[in-house]
Colleague: 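Got a structure for you, questions after.
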Protein chains: 2
Amino acid sequence: MNIGEIAKRAGVSRSTVSYALSGKRTVSDNTRQKIQRVIDELGYRPNASARALANGRTSTIGLVFPPAGDHYTGMQLDFIGSVVEAAATHDYDVLLSPSGVDSDRSFQRLLGERRVDGAILMEIRLEDDRVDHLAALGFPCVAIGRTAHPENGWWVGLDHTALAAACVRHLADLGHRTIAFVNRPETLLRTGYESARRGLEGFTKAAAERGLTVRTYCCGDDAASGQACLEQILHDEPATTALVTLNEAALGGIYRGLAQADRHVPRDFSVTGVVAGRWAETVTPQLTAADVPAEEMGRRAVELLMERLDRPDATPRHHLLVPPISLRASTGPAGLPGKAEVPASAPFPQS
Amino acid sequence: MNIGEIAKRAGVSRSTVSYALSGKRTVSDNTRQKIQRVIDELGYRPNASARALANGRTSTIGLVFPPAGDHYTGMQLDFIGSVVEAAATHDYDVLLSPSGVDSDRSFQRLLGERRVDGAILMEIRLEDDRVDHLAALGFPCVAIGRTAHPENGWWVGLDHTALAAACVRHLADLGHRTIAFVNRPETLLRTGYESARRGLEGFTKAAAERGLTVRTYCCGDDAASGQACLEQILHDEPATTALVTLNEAALGGIYRGLAQADRHVPRDFSVTGVVAGRWAETVTPQLTAADVPAEEMGRRAVELLMERLDRPDATPRHHLLVPPISLRASTGPAGLPGKAEVPASAPFPQS
DNA sequence: CCTTTCAAGCGAACCGGTTCGACGATCCGG
DNA sequence: CCGGATCGTCGAACCGGTTCGCTTGAAAGG
């Protein structure tokens with residue numbers, strides 16, 4: 001069932017059918033209706049490959065999501081869902097690319113073989129070959145995340161530095177003096193994964209400003225690792241009374257570890273961090289956290305990409321989001337740190 | 001950068017380049033190397049649209065995941081991830097289709113416009129227009145899930161009936177006599193969503209066989225709904241001592257509700273169900289549950305689809321999985337049901 | 001009545017690959 | 001030395017759309 005068949009049955013030429021469909025030239029009402037009738041009758045739809053070949057656009061965008069770890073986190077799902085939906089409203093399909101390793105096979109497929117008109121990159125690293133590579137090629141892409149040199153890029157990002165710092169200040173304001181940081185897995189931190197690096201940086205800086213005693217940890221993306229990490233924290237420094245985490249997958253394990261160590265949240269121990277709102281509300285007590293607006297970020301990324309596709313020479317734009325901390329139930333004033341090994345004095349209970 | 005350019009620079013014809021690349025006819029070592037050098041130098045990759053047009057295959061499969069609710073569950077992410085990875089090993093890309101509503105726009109795009117060679121359908125309903133429609137068209141697709149008439153279909157499914165029944169028997173064996181069922185949201189149940197229907201059926205039948213007192217509930221896919229649902233359960237029948245759930249997103253809320261009602265898990269109340277293993281391990285105490293092998297299901301679905309694409313007239317195949325219940329920490333012997341309103345006798349503590 | 005204008009439609013070329021039939025060169029056996 | 005098989009390569013057609021330039025017929029204008 002191709003356009004030639006339609007043309008034959010409607011008694012017109014192929015080009016007339018094409019123009020009737022696209023509206024790029026005038027077609028008399030009479031023939032338009034005749035064509036439309038045939039199309040409806042046969043249920044014809046123009047072949048996407050042929051169309052893509054002819055006009056050089058595939059109406060597809062690539063969503064490059066990476067081999068971040070051995071599995072995916074809930075946040076990624078929110079991104080994927082919102083990107084797909086936003087793309088659909090613009091009549092674009094979304095092609096998933098399982099990996100983002102530079103010069104990787106599947107990456108080559110997307111770009112080299114021109115399967116997509118543009119791409120959205122997830123899981124950005126501070127020094128990201130993929131971003132640099134695409135920028136050098138002038139290939140339309142939008143990053144969900146921000147590299148170390150975001151000046152001339154298109155991206156929508158989260159200010160992880162500010163967010164982690166806000167968490168620290170929140171804890172400091174509650175009187176906590178000894179806190180820990182539970183980061184994403186070590187490999188991610190080492191490879192310069194943006195949120196891990198910037199989060200750590202914001203945490204460290206804000207803690208220094210407030211004169212807090214800190215320890216920082218990396219933690220696998222699963223509950224068991226979270227629990228182990230928490231045990232390590234209490235072992236290394238029993239006086240710890242609070243922690244900040246970026247690791248939503250470990251959250252359940254962290255809570256379990258606290259329960260088993262008899263640290264009641266938030267009476268004995270405060271927990272906060274940067275996670276997707278849905279996760280924050282899943283744990284008990286619900287997590288006071290900077291909620292990652294994944295849905296909004298995905299939508300905005302698509303919007304930026306659409307803009308860029310429409311006007312290839314537009315000047316780079318970006319959105320840096322700083323969601324507020326949602327006060328829930330997992331943080332409270334510092335009480336007796338540890339097992340009363342330290343007096344209950346919170347020297348600088350500011351603000 | 002197209003095949004003609006390569007041909008020109010290598011001093012051969014376009015067809016020779018094509019044959020050198022595909023190997024479908026012999027090309028002398030000499031010219032092959034000459035061509036390869038040019039290709040490497042220019043970084044040429046054949047255009048996917050043109051190739052798809054020429055040989056009628058897109059090397060893309062569609063993953064139809066539906067507007068199940070207002071958001072996606074963790075399980076879906078696991079499916080998506082495993083499907084994408086499995087497809088990649090077969091040199092296939094995955095196109096995401098946000099919806100599965102029959103005769104829906106995005107569905108039409110995938111099939112009508114021939115963007116994909118085959119499809120994997122998620123979130124199957126017992127009477128599923130999509131499946132029927134595709135079957136009528138003879139379009140290669142594999143369902144993750146099983147309709148009411150799975151005889152001549154390609155699918156990989158979970159025996160939700162057996163799984164829910166196993167949960168019930170597990171609880172009955174522990175002496176529980178009054179249990180509840182927490183299903184997915186009501187709209188899903190009403191529209192004939194497979195797991196909701198079959199799970200409910202298995203629960204009901206097994207409970208009847210064991211002579212248990214039951215109540216069944218639908219529950220929104222989020223923690224707040226889970227908590228509300230649990231409160232309702234205890235309000236309706238305080239003697240309830242256990243529940244079975246299919247709703248992993250509500251799990252956190254259920255636990256919270258239990259904690260607030262002072263029902264200790266598993267001492268006072270047992271919880272079990274059918275959820276992804278990762279979620280089961282996130283809550284405390286960890287959930288005794290039939291772990292949904294999402295990763296395996298996605299992989300098998302892709303394998304079936306590949307088989308079907310290779311041999312269009314192959315006879316339908318399927319996999320019905322019945323994962324065992326993983327004993328963790330959320331179930332235990334029935335103690336004093338409710339607040340000791342009922343004596344602690346478990347009349348039929350069968351094997 | 002003759003020219004100009006314009007709407008409507010047609011044919012051909014093109015997008016970038018794949019594939020089929022043909023053709024010249026080389027090699028072999030008789 | 002000739003005839004047929006084999007190898008390597010080429011040209012052309014094709015996949016199913018889009019788009020440009022041209023033709024035609026009718027209406028409008030002088």
Side-chain angles (χ1 to χ4, degrees), chain A residues 1-39 42-60 91 93 108-117, chain B residues 1-39 42-60 91 93 108-117:
Chain A
M1 206 42 27
N2 57 29
I3 201 173
E5 186 70 15
I6 302 297
K8 194 189 302 175
R9 303 212 187 191
V12 297
S13 75
R14 303 196 309 149
S15 53
T16 302
V17 175
S18 179
Y19 285 124
L21 252 41
S22 70
K24 295 194 177 175
R25 278 197 191 174
T26 54
V27 172
S28 74
D29 274 0
N30 202 334
T31 53
R32 185 201 317 287
Q33 283 166 22
K34 200 161 48 187
I35 291 171
Q36 191 58 52
R37 240 191 318 275
V38 177
I39 286 179
L42 272 64
Y44 164 79
R45 308 222 64 193
N47 180 301
S49 299
R51 184 181 289 205
L53 176 58
N55 58 24
R57 300 184 325 108
T58 59
S59 293
T60 303
D91 274 320
D93 284 327
Q108 281 296 313
R109 283 175 69 107
L110 284 202
L111 308 191
E113 304 184 4
R114 252 165 286 264
R115 278 175 204 271
V116 299
D117 297 339
Chain B
M1 206 43 27
N2 56 30
I3 201 174
E5 186 71 14
I6 301 296
K8 195 189 303 175
R9 303 212 188 193
V12 297
S13 75
R14 303 197 306 150
S15 51
T16 302
V17 175
S18 179
Y19 286 125
L21 252 40
S22 70
K24 295 193 178 174
R25 278 198 190 176
T26 53
V27 172
S28 73
D29 273 0
N30 202 335
T31 53
R32 186 201 316 287
Q33 284 168 20
K34 199 161 49 186
I35 291 171
Q36 192 58 50
R37 241 192 316 276
V38 177
I39 286 179
L42 271 63
Y44 163 79
R45 308 223 64 193
N47 181 301
S49 300
R51 182 181 292 207
L53 176 58
N55 57 24
R57 300 184 324 110
T58 59
S59 294
T60 302
D91 274 319
D93 284 328
Q108 281 295 314
R109 282 176 69 108
L110 283 202
L111 308 191
E113 303 184 4
R114 251 164 285 263
R115 278 174 203 271
V116 300
D117 298 337

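Each chain gets a letter, A, B and so on, in the order its sequence line appears, and its residues count up from 1.
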Colleague: Under the side-chain hydrogen bond (donor to acceptor under 3.5 Å, both in side chains) rule, collect the residues that match up with Ser59(A), sequence neighbours excluded.
Modeller: none

Colleague: Round to the nearest Å and state the distance from Ile6(A) atom CD1 to dT18(D) atom P.
Modeller: 12 Å

Colleague: Atom CZ of Arg45(A) and atom C1' of dG16(D): how far apart are they, to the nearest Å?
Modeller: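 Computing the Arg45(A):CZ to dG16(D):C1' distance gives 15 Å.
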
Colleague: Considering the terminal five base pairs at each end of the helix from dC1(C)-dG30(D) to dC27(C)-dG4(D), what angle separates the two local helix axes, rounded to 10°?
Modeller: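 That helix has its two terminal axes inclined by roughly 60°.
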
Colleague: Using whole Å, report how far CZ of Arg51(B) lies from P of dG17(D).
Modeller: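 My rounded result for the distance is 21 Å.
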
Colleague: Please list, pair by pair, any protein nitrogen or oxygen found under 3.5 Å from a nitrogen or oxygen in nucleotides 5-8 of chain D.
Modeller:
residue	atom	partner	partner atom	Å
dG8(D)	OP2	Thr26(B)	OG1	3.0

Colleague: Asn47(B) CG to dG16(C) P: how many Å, rounded?
Modeller: 7 Å

Colleague: For dT18(D), does OP1 or OP2 lie under 4.0 Å from any side-chain N or O of Lys24(A)?
Modeller: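 No.
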
Colleague: Enter the distance from Arg114(B):CZ to Arg45(A):CZ here, rounded to the nearest 0.5 Å.
Modeller: 11.0 Å

Colleague: Does Asn47(B) have any side-chain hydrogen bond (donor to acceptor under 3.5 Å, both in side chains) partners at least two apart in sequence or in another chain, and if so, which?
Modeller: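 For Asn47(B), no residue satisfies side-chain hydrogen bond (donor to acceptor under 3.5 Å, both in side chains) once neighbours in sequence are set aside.
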
Colleague: Check this one for me: any side-chain N or O of Thr16(B) less than 4.0 Å away from OP1 or OP2 of dC10(D)?
Modeller: yes

Colleague: Atom CG of Leu21(B) and atom P of dG17(C): how far apart are they, to the nearest Å?
Modeller: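 After rounding, the reported distance stands at 9 Å.
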
Colleague: Ser49(B): what forms a side-chain hydrogen bond (donor to acceptor under 3.5 Å, both in side chains) with it, not counting sequence neighbours?
Modeller: none

Colleague: What pairs of donor and acceptor atoms, side-chain ones from residues 2-9 of chain B against any protein atom, are under 3.5 angstrom apart with sequence neighbours left out?
Modeller:
residue	atom	partner	partner atom	Å
Asn2(B)	OD1	Gly4(B)	N	3.1
Asn2(B)	OD1	Glu5(B)	N	2.9
Glu5(B)	OE2	Arg9(B)	NE	3.2
Glu5(B)	OE2	Arg9(B)	NH2	3.2

Colleague: Applying side-chain contact (heavy atoms from CB on, under 4.5 Å), can you list everything that pairs with Asp91(B), at least two apart in sequence or on another chain?
Modeller: Arg105(A), Arg109(A)

Colleague: Mind checking side-chain contact (heavy atoms from CB on, under 4.5 Å) for Ala54(A) and listing every partner two or more places apart, or none if nothing turns up?
Modeller: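 Partners of Ala54(A) by the side-chain contact (heavy atoms from CB on, under 4.5 Å) criterion come out as none, since no residue qualifies.
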
Colleague: Can I get a per-line list of side-chain donor-acceptor pairs under 3.5 Å for residues 14-25 of chain A, giving both atom names and the distance, sequence neighbours left out?
Modeller:
residue	atom	partner	partner atom	Å
Ser15(A)	OG	Ser13(A)	OG	3.0
Thr16(A)	OG1	Ser13(A)	OG	3.1
Ser22(A)	OG	Ser18(A)	O	3.2
Ser22(A)	OG	Lys24(A)	N	3.2

Colleague: How far does CZ of Arg115(A) sit from CZ of Arg51(B), to the nearest 0.5 angstrom?
Modeller: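 Spacing of CZ (Arg115(A)) from CZ (Arg51(B)) equals 8.0 Å.
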
Colleague: What is the distance from OH of Tyr44(B) to C1' of dG16(C), rounded to the nearest Å?
Modeller: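 These atoms are roughly 7 Å apart.
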
Colleague: Please enumerate all residues that pass salt bridge (Lys or Arg N to Asp or Glu O under 4.0 Å) together with Arg37(A), with sequence neighbours excluded.
Modeller: none

Colleague: What protein N or O atoms touch nucleotides 11-15 of chain C N or O atoms at under 3.5 angstrom, if any, and at what distances?
Modeller:
residue	atom	partner	partner atom	Å
dG11(C)	O6	Ser15(A)	OG	3.1

Colleague: Figure out the CD/P separation between Glu113(A) and dG16(C), and round it to whole Å.
Modeller: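 It works out to 15 Å between those atoms.
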
Colleague: Nearest whole Å is fine: how far is dA7(C) P from Arg32(A) CZ?
Modeller: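 Interatomic distance, CZ of Arg32(A) to P of dA7(C): 14 Å.
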
Colleague: For Asp29(A), enumerate each residue passing the side-chain contact (heavy atoms from CB on, under 4.5 Å) test, keeping only those at least two apart in sequence or located in another chain.
Modeller: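 Asp29(A) satisfies side-chain contact (heavy atoms from CB on, under 4.5 Å) with Arg32(A), Gln33(A) once adjacent residues are dropped.
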
